[in-house]
Amino acid sequence: MSAEQSILKYDSPYSVTSDVAGFKILFVNVYMIGEPVYGGDWVLIDAGLPGSADRIRKEAEKVFGSNNKPRAIVLTHGHFDHVGALPELLKHWNVPVYAHPLEMPYLKGKSHYPPPDPAVGGGAMAYMSWVYPTKPVNLGDKVLPFPANGIVPELPEWKIIHTPGHSPGHVSLFRERDCTLLAGDAFVTVNQNSVFSVISQKEEFHEPPAYFTIDWQAAKKSVQELARLNPKAIGTGHGLPVSGRKWQNRFARFAENFDNYIPEDGRYVKQPAHTDESGIVDMPEPTSYKRARLVAGIGLGVVAGAALAFISRKIKKGNSDIV
């Protein structure tokens, strides 16, 4: 290691292992894979919310030094909270972006995602989902499909696993050497449907965010496939990372009992949306969400008040990591 490649320290509760750094942007996680060395190689996993490009670049500088772009960007899927900063980041970083072929319609401007399901219930985050954007980004030739062998050249130790359900081409990443799993939104470690759980970040296994999940049986199969890998350290798109035997056992039980986490009602519960590499093929009829609109109006006020109170407490405790 040269003198320039000094080891850097990065302290974040969202880091999964010593070489998988993570941080939270409001309610979604972004990960950076690579040894925390100045000038070292690294890969970005997902790209957060719109307007977060500067935050992502600043966090990367803390881990890998200044003027050190990633070797590649890997997308678990293309929902707005996972690709939001991507167009702005690509103005600064001329690097390949990888995604599953079934995500390409939503990353090349060809199709909206199936609309969210506010009637799925389960909390204010679901009720407010009718306002969440489903409009595609258009990355054109900057986004590439994953290689057929499931290995990205820039991440040779990591296997790309197709884990659909939350979105058509959703993927998770697994490293066999130390059984580390980056699950994206195949499942999460917080109740993402509840605004209070999102604020508190209480660690517990939950189904993928219900309001955007378009195929519940596929989601079940994906979770059970990941459980068979018996991961020892898990990072997800929402919530804190978990590791150790206790969480291994809990994950196994969660996957075994996944039917208990499937909502009773909702647009995609009984019938999934069908998609292909061109986008939406057909969808079930929507359920009424007049109630959701009403609750969303109330919920936005609750969210704002709760968020302000939470931030105030963090500031008083001297904790600046509030996003």
Side-chain angles (χ1 to χ4, degrees), residues 14 16 20 22 27-31 33 45-48 74-83 98-103 106 113-114 116-117 120 122 125-126 146 150 152 155 158-176 179-193 198 203-243 247-248 250-263 268-269 272-273 275:
Y14 291 87
V16 184
V20 181
F27 59 82
V28 66
N29 301 333
V30 173
Y31 296 102
I33 299 177
I45 310 299
D46 287 339
V74 172
L75 301 177
T76 61
H77 60 303
H79 285 158
F80 78 100
D81 53 337
H82 291 259
V83 302
Y98 294 98
H100 193 277
L102 289 174
E103 293 295 293
Y106 321 107
Y113 272 107
D117 184 8
V120 79
M125 295 292 285
F146 291 119
V152 172
L155 280 179
W158 293 80
K159 177 75 172 179
I160 305 296
I161 304 170
H162 185 207
T163 48
H166 185 60
S167 76
H170 186 285
V171 302
S172 303
L173 293 85
F174 183 71
R175 183 168 61 187
E176 187 174 2
C179 294
T180 297
L181 173 66
L182 295 181
D185 285 4
F187 63 93
V188 292
T189 55
V190 66
N191 182 2
Q192 190 63 21
N193 302 314
V198 169
E203 297 141 280
E204 51 186 330
F205 287 119
H206 269 274
E207 73 281 4
Y211 42 84
F212 265 150
T213 299
I214 61 169
D215 187 334
W216 284 97
Q217 290 307 308
K220 174 183 175 179
K221 291 179 181 178
S222 293
V223 167
Q224 293 179 339
E225 179 181 357
L226 294 176
R228 285 192 287 271
L229 299 172
N230 198 24
K232 295 179 180 178
I234 300 172
T236 63
H238 305 273
L240 287 159
V242 296
S243 62
W247 288 102
Q248 279 184 295
R250 286 187 181 182
F251 183 44
R253 290 196 300 271
F254 164 72
E256 183 179 352
N257 297 295
F258 189 82
D259 282 337
N260 296 334
Y261 293 85
I262 298 177
Y268 308 109
V269 173
T275 66

Side chain proximity check, Glu176 to Leu229, heavy atoms < 4.5 angstrom: no
Close side-chain approach of Asp215 to Tyr268, heavy-atom, < 4.5 Å: no
Within-4.5 Å side-chain heavy-atom neighbours: Gln248 and Lys232: yes
Contact check, side chains of Ser167 and Tyr106, non-hydrogen atoms, under 4.5 Å: no
Phe187/Phe251 aromatic ring centres below 6.0 Å: yes
Pairwise side-chain contact, Ile160 with Leu173, heavy-atom cut-off 4.5 Å (strictly under): yes
Heavy-atom pair with the smallest gap, counting every atom of Gly235 and Val16: CA-CG2, 3.8 Å
Heavy-atom closest contact (Phe212 atom, Pro116 atom, distance): CE2-CB, 3.6 Å
Glu225 versus Thr163, side-chain donor and acceptor atoms under 3.5 Å: no
Side chain to side chain contact (heavy atoms under 4.5 Å, CB included) evaluation trace for Tyr14 with Val30: CA-CA 9 Å; Tyr14 291 87; Val30 173; over 6 Å; no
Closest contact, heavy atoms only, Pro114 versus Thr275: CG-CG2, 4.3 Å
Contact check, side chains of Glu103 and Leu75, non-hydrogen atoms, under 4.5 Å: no
Interatomic distance, His166 atom NE2 to Thr76 atom OG1 [nearest 0.5 angstrom]: 8.0 Å
Phe27 and His238 aromatic ring geometry - parallel, tilted or perpendicular at 30°/60° bounds: parallel
Taking every non-hydrogen atom, the tightest pair across Thr236 and Ala183: CG2-CB, 4.1 Å
Contact check, side chains of Trp158 and Leu182, non-hydrogen atoms, under 4.5 Å: yes
Inter-residue atom distance Asn29.CG - Asp185.CG, 0.5 Å rounding: 9.0 Å
Within-4.5 Å side-chain heavy-atom neighbours: Val190 and His206: no
Steps toward side chain to side chain contact (heavy atoms under 4.5 Å, CB included) verdict (Val20, Arg175): CA-CA 11 Å; Val20 181; Arg175 183 168 61 187; 4.3 Å; yes
Ring geometry between Phe205 and Phe254 (parallel below 30°, tilted from 30 to 60°, perpendicular above 60°): parallel
Non-hydrogen atoms of Ala210 and Pro263 that approach each other most closely: CB-CG, 4.4 Å
Distance-only polar pair, side chains of Glu204 and Asn191, donor-acceptor under 3.5 Å: no
Exercise: identify the closest heavy-atom pair between Leu226 and Ala186: CD1-CB, 3.9 Å
Exam field: side chain His79 to backbone Asp81, donor-acceptor pair closer than 3.5 Å: no
Approximate separation, where rounding is to 0.5 Å, of His82 NE2 and His170 NE2: 6.5 Å
Worked check of side chain to side chain contact (heavy atoms under 4.5 Å, CB included) between Thr213 and Glu207: CA-CA 9 Å; Thr213 299; Glu207 73 281 4; over 6 Å; no
Reported NE2-to-OG distance for the pair His77 and Ser172, which is rounded to 0.5 angstrom: 10.0 Å
